[in-house]
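What follows is one structure encoded as structure tokens, with my remarks underneath.
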Amino acid sequence: MLLQQLINGITLGATYALATVGFSLVYGVLELANFANGAFYILGAYFAMVLYASMGMNFAVSLALALAGTGILGAAMDAGLLRPIRSKGGTRTSMMISTLGVGTAITNLIIVLFGSETKRFPDAFGGKRLEFASAVVTYKQLFTILLCIVVMVVLSILVYRTKLGRAMRAISQNPVAARLMGIDTNTVILLTFFIGTMCAALSGTVVSMYLGSLDTTMYSSVNIKMFASAILGGVGSLPGAVLGGMILGMLETFVSGYISTAYKDVFSFAILILVLLFRPAGLLGQRTIKKV
Amino acid sequence: MSEIVLSGKGVTQRFGGLTAVQDVTFEVPKGEIVSIIGPNGAGKSTLFNCVTGIYTPTEGQIFFLGQEITGKKVHEISALGIGRTFQNIRLFSEMTALENVIVGSHAKAKSGIADALLHTPRYRREEEEAVKKAEEILKLTGLYEYRYHYATALSYGLQRRLEIARALASDPVLLLLDEPAAGMNEQETHSLTEFIRELKGMGYTILLIEHDMKLIMNISDYIYVLDRGIPIAEGTADEVRQNPLVIEAYLGKEA
Amino acid sequence: MIRKLISLWAKYEKWVTLVLVALAVLFPVISGFNRYVVNIGVMAGIYAILTLSLNMMTGYTGVVTLGHAAFYGLGAYAAGILNWRLGLNVPLTFIAAMVVSGLFGLLLGLTTLQLSGRYLTIVTLSFCEIIRILLINLEWLTRGPLGITNIKKANLFGFVFNTATKNYYLVLAMVLLSVFIVHRVMNSRTGRAIIALKNDETAASSMSVNVFAYKLRAFCISSAIAGLAGALYAHYIGYIDPNSFGFTQSIQILSMGILGGLGNIFGSIFGAVSLSVLPELLRSIGLEDFRQVIYGVLLALLVLIRPMGIFGKINLRHRRLQDSLQLAGEGEEAEA
């Protein structure tokens with residue numbers, strides 16, 4: 001029982017972590033809560049489902065196409081909407097509302113095109129599973145966890161070891177200085193959106209397969225969970241996003257298993273608020289000294 | 001010996017392993033201009049922040065008019081009669097010059113939400129007084145014609161002046177000026193020097209942080225010198241000017 | 001051109017306001033007492049109250065809230081439960097709704113207002129979710145996901161608000177009350193302290209403004225007004241359920257506030273009314289299926305065209321004062 005809960009908790013945590021890194025990447029660079037991410041998450045999953053389940057393409061190819069397509073849309077949102085708002089001196093709140101508009105439009109377009117009923121997402125691993133001790137691990141669970149690890153490693157290398165990553169971190173610390181240092185901030189931000197959106201699409205697809213179904217009502221809850229785990233772990237910190245997602249996933253699984261399914265989210269949010277009260281910058285975020 | 005308005009005893013401020021201010025003791029007598037100088041990173045601003053309550057000193061005590069203010073909140077300390085300006089101008093950007101000054105007199109009024117909703121006699125009286133007082137201060141500081149301008153639409157020099165005007169609105173006993181001449185040209189600095197002298201003439205006690213040596217030497221009654229958080233010298237302008245430690249701190253060790 | 005218009009508006013502000021109020025009063029008559037149209041007016045009015053209250057928290061105080069629906073819901077449930085269990089009605093249910101929401105605002109503010117802005121945003125979001133889940137699960141009190149049905153129409157000392165038009169005037173009166181409260185508070189010592197702390201907390205506290213206390217006041221006023229909107233809604237619709245007060249609703253209110261322009265009373269009302277009418281307009285021209293899509297696109301585009309909202313950064317009183325000194329032309333576009 002405990003082992004099984006642990007496995008389920010880790011998988012759920014991995015899916016949250018996957019969703020959160022994309023959100024956190026953008027949040028780290030622009031301090032923008034990108035609520036279109038929840039819609040890209042669903043869009044990516046629908047994209048992959050259509051290609052894989054309806055058109056019968058290979059799963060890997062479907063996934064790759066879904067990621068690329070959604071990623072390009074995410075970048076287009078930045079170039080077409082958010083960049084002009086920034087250049088007009090709009091605040092983060094204005095940009096946030098714009099992403100909400102995009103999210104609403106995309107989610108409802110999906111409803112118009114596909115209807116609002118829940119869709120089935122077939123298991124690319126044909127339901128294979130491993131059994132050991134008293135617990136069961138499905139292949140898709142393993143796939144989810146492995147994918148989470150791979151994405152983390154790739155993103156960590158990207159953010160902490162490449163020129164692009166250095167530019168991203170420079171912008172997050174001081175956008176004006178970064179521009180003066182000759183960093184092409186607009187391009188870097190565009191790429192951040194591209195990568196962040198692909199992460200959202202990837203997690204949407206993987207989670208839908210893990211759950212076996214997908215529908216558009218996930219939009220709000222995905223956004224809320226992403227925002228919560230990003231802040232819980234520490235704003236703009238990649239390890240923080242993973243930690244935040246994992247904690248939230250574990251909490252939900254264990255609270256559901258041992259305390260109450262109904263109140264699982266109350267626990268998550270109460271703990272989030274408590275953490276913020278004692279560590280305002282999140283678990284792995286850095287505190288700054290107030291300068292006057 | 002005149003009355004001491006502000007004093008600090010062994011004030012120390014550490015941030016993690018870094019000691020920004022170490023064991024600083026100082027006194028500001030009534031009606032005088034006391035200055036704190038030192039090279040960049042000497043801990044001047046940190047000391048200011050300790051006095052105004054933005055930081056709580058790790059060690060030591062600060063007294064204002066005989067009352068200990070160490071660890072009190074910023075707004076409490078301000079309400080006791082300490083007005084201040086900021087090195088990097090911090091005016092209220094969505095307000096006119098007049099409104100900025102009215103906010104400065106916040107502590108002098110008492111009306112609350114109920115007064116505002118019902119327009120009680122107290123509300124009317126206080127509003128009228130606040131506007132009248134603010135207009136007086138704006139005339140005094142030569143800003144009256146700009147009273148309806150947005151604070152941020154004013155020129156740099158006028159913004160600095162407005163900061164002082166706002167600080168004066170609370171009728172402070174002590175005025176803390178944080179690098180008031182920063183970014184000013186020689187002529188602006190000159191008129192600022194005159195203005196600070198006038199303030200002294202009106203009976204204000206002033207604690208000043210400044211980089212501009214000429215200004216400091218011109219108007220200070222007493223000077224404290226900090227270097228990397230440590231007090232290295234104090235005295236009148238002449239005494240400080242001749243102190244070898246001060247010369248070394250400013251010019252670096254001679255080879 | 002636009003500046004001239006604003007100057008004119010500023011000069012004749014009282015008259016413009018009077019005409020707008022007169023139009024609002026005559027609206028049911030103009031619509032020919034069409035139930036469907038007046039109903040849109042009632043909902044627009046409820047949203048106007050919500051947006052005004054959000055404006056207090058977000059526009060003036062600077063706390064971007066993603067959880068305003070929580071206070072709306074608390075007010076609705078306070079009124080709904082009191083009516084269902086004890087048969088209470090207006091004005092007691094209104095007062096109770098404001099008190100309950102205000103107290104929750106106080107509680108949330110007391111515990112979390114020390115946090116800086118962006119963290120407060122997630123706190124408001126979390127709070128809204130917690131409240132929604134509690135409303136779903138505290139079945140003994142709220143009837144859970146079924147919601148509370150058959151809440152009686154507002155009944156003020158025997159006068160029953162049983163038609164859309166009657167409710168419209170009740171809501172209109174409450175809109176005017178909210179405008180009065182926000183206007184008076186913001187044009188006072190309290191309001192100046194609140195704007196000062198939004199512009200610069202350090203500077204405000206250095207001017208003796210107790211930042212925490214003033215934020216808390218703004219929070220309480222804001223949440224109490226949102227509670228009033230909830231009570232109006234509960235009595236008018238007669239049915240409330242937890243999912244009417246979730247994240248989507250919070251976003252809706254925030255969008256209205258941003259679109260109209262934060263920190264501006266007229267903007268709040270304009271944002272609320274236009275975003276309430278828009279979906280109905282789209283429905284009436286046969287784009288029913290696409291209305292949420294178009295709504296989203298328009299929202300994204302409108303923020304793009306005017307990032308600070310349509311009436312953001314317009315301060316008629318300042319404009320009037322500046323015009324009185326013929327200052328126009330000196331940076332008065334007020335890029336504050």
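To find a chain, count down the sequence lines: A is the first, B the second, and so on, and within it residues start at 1.
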Quiz item: Nearest heavy-atom pair of B/His106 and C/Ser208: which atoms, and what distance?
Solution: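 Taking B/His106 first and C/Ser208 second, the nearest heavy atoms are CD2-O, 3.6 Å.
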Heavy-atom side-chain proximity of [X] to [Y] below 4.5 angstrom:
X        : Y        : value
B/Tyr150 : C/Gln322 : yes
B/Phe86  : C/Thr202 : yes
B/Lys73  : C/Asn210 : no

Practice problem: Could you list the residues that satisfy side chain to side chain donor-acceptor pair (under 3.5 Å) with B/Lys72, not counting sequence neighbours? | Solution: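 Once residues adjacent in sequence are excluded, B/Lys72 has no partner under the side chain to side chain donor-acceptor pair (under 3.5 Å) criterion.
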Quiz prompt | Inter-chain contacts: residues 212-229 of chain C against chain B, heavy atoms under 4.5 Å | solution =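 Counting heavy atoms that sit under 4.5 Å from chain B, the residues of residues 212-229 of chain C involved are C/Tyr214, C/Arg217, C/Ile221.
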Quiz prompt | Within residues 171-182 of chain C, residues adjacent to chain B where the heavy-atom gap is under 4.5 Å | solution =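 Residues C/Phe180, C/Ile181 are the ones that qualify, each having a heavy atom under 4.5 Å from chain B.
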Enter the distance from [X]:[atom1] to [Y]:[atom2] here, rounded to the nearest 0.5 Å.
X        : Y        : atom1 : atom2 : answer
B/Met95  : C/His318 : CE    : NE2   : 8.0 Å
B/Arg90  : C/Asp200 : CZ    : CG    : 4.5 Å
C/Ser205 : B/Ile54  : OG    : CD1   : 6.5 Å
B/His75  : C/Leu197 : NE2   : CG    : 11.5 Å
C/Ser206 : B/Glu163 : OG    : CD    : 9.5 Å

Exercise. Tell me the residues of residues 114-123 of chain B whose non-hydrogen atoms fall below 4.5 Å from those of chain C, in number order.
Key: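 Interface residues of residues 114-123 of chain B: B/Ala116, B/Leu117, B/Leu118, B/His119, B/Tyr123.
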Exercise. With a 4.5 Å cut-off on heavy-atom pairs, point out which of B/Pro172, B/Ser170, B/Ser111 contacts chain C the most.
Key: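 Looking at each option in turn, the highest pair count goes to B/Ser111.
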Self-check item: Residue selection (most heavy-atom pairs with chain C, distance under 4.5 Å) from B/Gly112, B/Gly104, B/Ala109, B/Ala169
Solution: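 Going by pairs under 4.5 Å, I would pick B/Ala109.
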Quiz item: What part of C/Arg320 is in contact with chain B, defined as an atom under 4.5 angstrom from a non-hydrogen atom: side chain, backbone, both or neither?
Solution: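 For C/Arg320, neither part sits under 4.5 Å from chain B.
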Quiz item: Got more than 12 heavy atoms from elsewhere within 6.0 Å of OH, B/Tyr156?
Solution: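 Correct, the count exceeds 12.
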Practice problem: Give a yes or no on whether B/Lys200 atom NZ has more than 12 heavy-atom contacts from other residues, nucleotides or ligands under 6.0 Å away. | Solution: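 Count over threshold, so yes.
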May I ask you to name which of [options] has the most heavy-atom pairs under 4.5 Å with chain B?
options                                : answer
C/Thr190, C/Asn315, C/Val211           : C/Thr190
C/Ala193, C/Ala196, C/Ser188, C/Gly191 : C/Ala196
C/His183, C/Met186, C/Arg189, C/Met207 : C/Arg189

Quiz item: Contact part of B/Arg147 toward chain C, heavy-atom cut-off under 4.5 Å: side chain, backbone, both or neither?
Solution: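 B/Arg147 touches chain C through side-chain heavy atoms alone.
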